[in-house]
A.B. asks: 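Questions regarding the structure given below will be posed in turn.
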Amino acid sequence: MTGNATQLSLLTPAPPHRTASTTHAQVLVFNTQHASPARAYRQAEWISQQPAADLVVLTEASSGPGGAALTEAMGHFGYPHTVAPTSASGDYRTLLASRAPLEPVDASVHVLPHRAPAAVATIGGHKVGILGLYVPSRGPRARRNEDKRAFQQAVTFALNSLNSVFLDMPIIVAGDLNVVEPGHQPHHKVFGQWEYAFYSSFSHAGFADAFRHLHPDVVEHSWVGRSGQGFRFDHAFTTAAHAARVETCAYDHAPRTGALTDHAAMTLTLRLASVSP
């Protein structure tokens, strides 16, 4: 590592900006846009300042110095627990970072597993399962959609067995799916039925779209293309049995408009147990 990343390893960990919740899973989803070490440091600093970011899903993380710097920076800014799978091919990865302890588990996504890390987080004595996802883009012309289809199929298969991995606990599946929901506004002709079917596979496996649960009719986007049209690519799902515990789910466009990344961040707050008002 070079520059900020090398200097970072010499620093004393920064004190947390606030005390982590012991009653709620406060999740932030953040596409890092394969950040350089210097930008990864700024991303970690911004994330640590957010009021609802105890458990972070970091997508499109580099397999090179930028990704290593990101993991180290998250630790510096108050996230000592990480799950950072490696990719032998140098492919983009998904990372999990948490203020609370994480126990890595195998979610049985056997295609590009470095894009689908899973763990059990222990928050104030409560356990919650977390699966982070970064679905491949369409890919080069010679391999158009091959990795995307294969990864989506592997995730669809794994979703149906997650309850046996995360026994008797709420489950959160979140990340950049590189697909939009059926009925998305505006309509984008580029998406095929197989991509809409992937989105629908979550509900078929017993998961609820947390954003749609709270905001059934709101038009929102997390990424904007060169044409100026928006796409809701970043998603968060919870087990349908726990959807009533979703208290907030929203998009924060500050990192996108501030050039930290090209995606909006997404936040989710899930109550883990009955608490007094």
A.B. asks: Do L112 and L162 belong to the same hydrophobic cluster, where Ile, Leu, Val, Met, Phe, Trp and Tyr are linked whenever their side-chain heavy atoms lie under 4.5 Å apart, directly or via other members?
C.D. replies: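 L112 and L162: one cluster.
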A.B. asks: Any side-chain heavy atom of H263 sitting closer than 4.5 Å to one from D234?
C.D. replies: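 Side chain of H263 against side chain of D234, heavy atoms only: contact under 4.5 Å found.
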A.B. asks: I would like to know whether L102 and T122 meet side chain to side chain contact (heavy atoms under 4.5 Å, CB included); could you show each step before the answer?
C.D. replies: CA-CA 7 Å; L102 290 177; T122 302; over 6 Å; no
A.B. asks: Do I123 and V128 make a side-chain contact, defined as non-hydrogen atoms from C-beta onward lying under 4.5 Å apart?
C.D. replies: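 They are in side-chain contact.
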A.B. asks: In a check of side-chain contact (heavy atoms from CB on, under 4.5 Å) between R232 and each of D209, V179, L177, which one passes?
C.D. replies: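 It is D209, the one option of D209, V179, L177 that forms the side-chain contact (heavy atoms from CB on, under 4.5 Å) with R232.
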A.B. asks: In Å, rounded to the nearest 0.5 Å, how long is the span from CZ of F233 to CD of E181?
C.D. replies: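 Going from CZ on F233 over to CD on E181, the span is 12.0 Å.
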A.B. asks: Determine whether more than 12 heavy atoms belonging to other residues, nucleotides or ligands lie under 6.0 Å from atom OH of Y251.
C.D. replies: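 Yes, enclosed.
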A.B. asks: What about L70 and I47, same hydrophobic cluster or not, with Ile/Leu/Val/Met/Phe/Trp/Tyr joined at side-chain heavy-atom distances under 4.5 Å?
C.D. replies: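 L70 and I47: one cluster.
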A.B. asks: Give a yes or no answer on whether the side chain of S222 reaches the backbone of A264 with a donor-acceptor pair at less than 3.5 Å.
C.D. replies: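 Not a single qualifying donor-acceptor pair exists.
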A.B. asks: Counting distance only, does the side-chain N/O of R93 pair as donor-acceptor with the main-chain N or O of S62 below 3.5 Å?
C.D. replies: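 Side chain of R93 to backbone of S62, a donor-acceptor pair under 3.5 Å: yes, one is there.
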A.B. asks: Please answer whether the main-chain N or O of D262 pairs with a side-chain N or O of Q33 as donor and acceptor at a distance below 3.5 Å.
C.D. replies: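 Here the side-chain-to-backbone pair exists.
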A.B. asks: Apply the test side chain to side chain contact (heavy atoms under 4.5 Å, CB included) to residues L95 and V83: give CA-CA distance (whole Å), side-chain angles for both, the deciding distance (0.1 Å), then the verdict.
C.D. replies: CA-CA 6 Å; L95 312 179; V83 178; over 6 Å; no
A.B. asks: Would a line drawn from the ring center of H184 to the ring center of H221 be shorter than 6.0 Å?
C.D. replies: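 Yes.
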A.B. asks: Taking the six-membered ring for Trp, is the centroid-to-centroid distance between Y199 and H235 below 6.0 Å?
C.D. replies: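 Distance test on ring centres: under 6.0 Å, yes.
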A.B. asks: Would you say the side chain of V57 lies within less than 4.5 Å of the side chain of T59, judging by non-hydrogen atoms?
C.D. replies: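 In contact.
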A.B. asks: Ring-plane angle category for F202 and F207, please: parallel below 30°, perpendicular beyond 60°, tilted otherwise.
C.D. replies: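 Perpendicular, since the angle between the ring planes exceeds 60°.
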A.B. asks: Which heavy atom in Q185 sits nearest to a heavy atom in V219, and how many Å separate them?
C.D. replies: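 Closest approach of Q185 to V219, heavy atoms only: O-CG1, 3.7 Å.
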A.B. asks: Between T239 (side chain only) and I171 (backbone N and O only), is there a donor and an acceptor less than 3.5 Å apart?
C.D. replies: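 Here the side-chain-to-backbone pair exists.
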A.B. asks: Would you compute the distance between atom OG1 of T71 and atom CG of L58 and round it to the nearest 0.5 angstrom?
C.D. replies: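 Reported value, rounded in 0.5 Å steps: 8.0 Å.
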A.B. asks: So which heavy atom on G66 is nearest to which on A40, and how close?
C.D. replies: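 Looking at all heavy atoms of both residues, the closest pair is O-CB, 3.8 Å.
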A.B. asks: Would you give the length of the straight line joining atom OG1 of T32 to atom CD of E60, rounded to the nearest 0.5 angstrom?
C.D. replies: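 Reported to 0.5 Å precision, the distance equals 6.0 Å.
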A.B. asks: Testing the basics here: between S87 and S63, what is the closest heavy-atom pair and its distance to 0.1 Å?
C.D. replies: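 Distance-wise, the nearest heavy atoms are CB-OG, 3.6 Å.
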A.B. asks: Can you confirm whether M266 sits close enough to L28 that some side-chain heavy atom of one is under 4.5 Å from a side-chain heavy atom of the other?
C.D. replies: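 Contact flag for M266/L28 side chains = no.
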A.B. asks: Decide yes or no for I130 and F166: does some side-chain heavy atom of the first lie under 4.5 Å from some side-chain heavy atom of the second?
C.D. replies: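 Heavy-atom side-chain distance check fails, nothing below 4.5 Å.
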A.B. asks: So does H24 get a backbone contact from the side chain of S21, meaning a donor-acceptor N/O pair under 3.5 Å?
C.D. replies: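 Yes, the answer is positive, given that a donor and an acceptor are paired below the 3.5 Å cut-off.
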A.B. asks: For the atom pair CZ (F211) and CZ (F237), what is the distance rounded to the nearest 0.5 Å?
C.D. replies: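 Between F211 CZ and F237 CZ, I get 12.5 Å after rounding to 0.5 Å.
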A.B. asks: Under the side chain to side chain contact (heavy atoms under 4.5 Å, CB included) criterion, do H204 and N160 qualify, and how do the steps go?
C.D. replies: CA-CA 9 Å; H204 295 159; N160 291 294; 5.9 Å; no
A.B. asks: Do V27 and L131 share a hydrophobic cluster (ILVMFWY, side-chain heavy atoms under 4.5 Å, transitive)?
C.D. replies: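 Different hydrophobic clusters.
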A.B. asks: Drop me the distance from T261's OG1 to W223's CH2, to the nearest 0.5 angstrom.
C.D. replies: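 Spacing of OG1 (T261) from CH2 (W223) equals 11.5 Å.
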A.B. asks: Do we see a donor-acceptor contact under 3.5 Å between the side chains of R115 and Y134?
C.D. replies: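 No - no donor-acceptor pair under 3.5 Å links their side chains.
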A.B. asks: Mark yes or no for whether Q152, through its side chain, and R149, through its backbone, hold a donor-acceptor pair below 3.5 Å.
C.D. replies: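 It does not hold such a pair.
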A.B. asks: Between S201 and L159, what is the shortest heavy-atom contact and its length?
C.D. replies: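 That would be OG-CD1, 3.9 Å.
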A.B. asks: Specify the closest pair of heavy atoms between V135 and K148, including all atoms of both residues, with the distance to one decimal.
C.D. replies: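 Heavy-atom minimum between the residues: CG1-CG, 3.9 Å.
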A.B. asks: Does N178 reach the side chain of F231, with side-chain heavy atoms less than 4.5 Å apart?
C.D. replies: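 Side chain of N178 against side chain of F231, heavy atoms only: no contact under 4.5 Å found.
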A.B. asks: Going by atom types alone, do Q229 and H187 pair a side-chain donor with an acceptor below 3.5 Å?
C.D. replies: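 No pair is found: no donor N or O on one side chain lies under 3.5 Å from an acceptor on the other.
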A.B. asks: May I ask you to decide if A100's main-chain N or O and S98's side chain share a donor-acceptor pair within less than 3.5 Å?
C.D. replies: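 Checking the backbone N and O of A100 against the side chain of S98, a donor-acceptor pair under 3.5 Å is found.
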A.B. asks: Any idea which heavy atoms bring M74 and A97 closest together, and the distance?
C.D. replies: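 Here M74 and A97 meet closest at CE-CB, 3.8 Å.
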A.B. asks: Can you check whether L133 reaches T94 side chain to side chain, under 4.5 Å on heavy atoms?
C.D. replies: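 Side chain of L133 against side chain of T94, heavy atoms only: no contact under 4.5 Å found.
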A.B. asks: Indicate if L214 and I172 have the same hydrophobic cluster label, given that clusters are the connected sets of ILVMFWY residues with side-chain heavy-atom separations under 4.5 angstrom.
C.D. replies: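 Looking at the clustering, I172 is in the same group as L214.
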A.B. asks: Do any N or O atoms from the side chain of S200 and from the backbone of A197 form a donor-acceptor pair under 3.5 angstrom?
C.D. replies: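 Flag not set: sc S200 to bb A197 has no pair under 3.5 Å.
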A.B. asks: Count I, L, V, M, F, W, Y as connected when their side-chain heavy atoms are under 4.5 Å apart, and connections chain through other members. Are L96 and M169 then in the same cluster?
C.D. replies: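 Each belongs to a different hydrophobic cluster.
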A.B. asks: So does H215 get a backbone contact from the side chain of R212, meaning a donor-acceptor N/O pair under 3.5 Å?
C.D. replies: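 Yes, R212 side chain to H215 backbone: donor-acceptor pair under 3.5 Å.
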A.B. asks: At what distance, to the nearest 0.5 angstrom, does OG1 of T238 lie from NE2 of H213?
C.D. replies: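 So the OG1 of T238 and the NE2 of H213 are separated by 7.5 Å.
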A.B. asks: Is any side-chain heavy atom of Q26 closer than 4.5 Å to a side-chain heavy atom of L268?
C.D. replies: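 Heavy-atom side-chain distance check fails, nothing below 4.5 Å.
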A.B. asks: Is the backbone of L260 close enough, under 3.5 Å, to the side chain of R42 for a donor and an acceptor to pair up by distance?
C.D. replies: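 No; judged by distance alone, with no hydrogens or angles, the pair does not exist.
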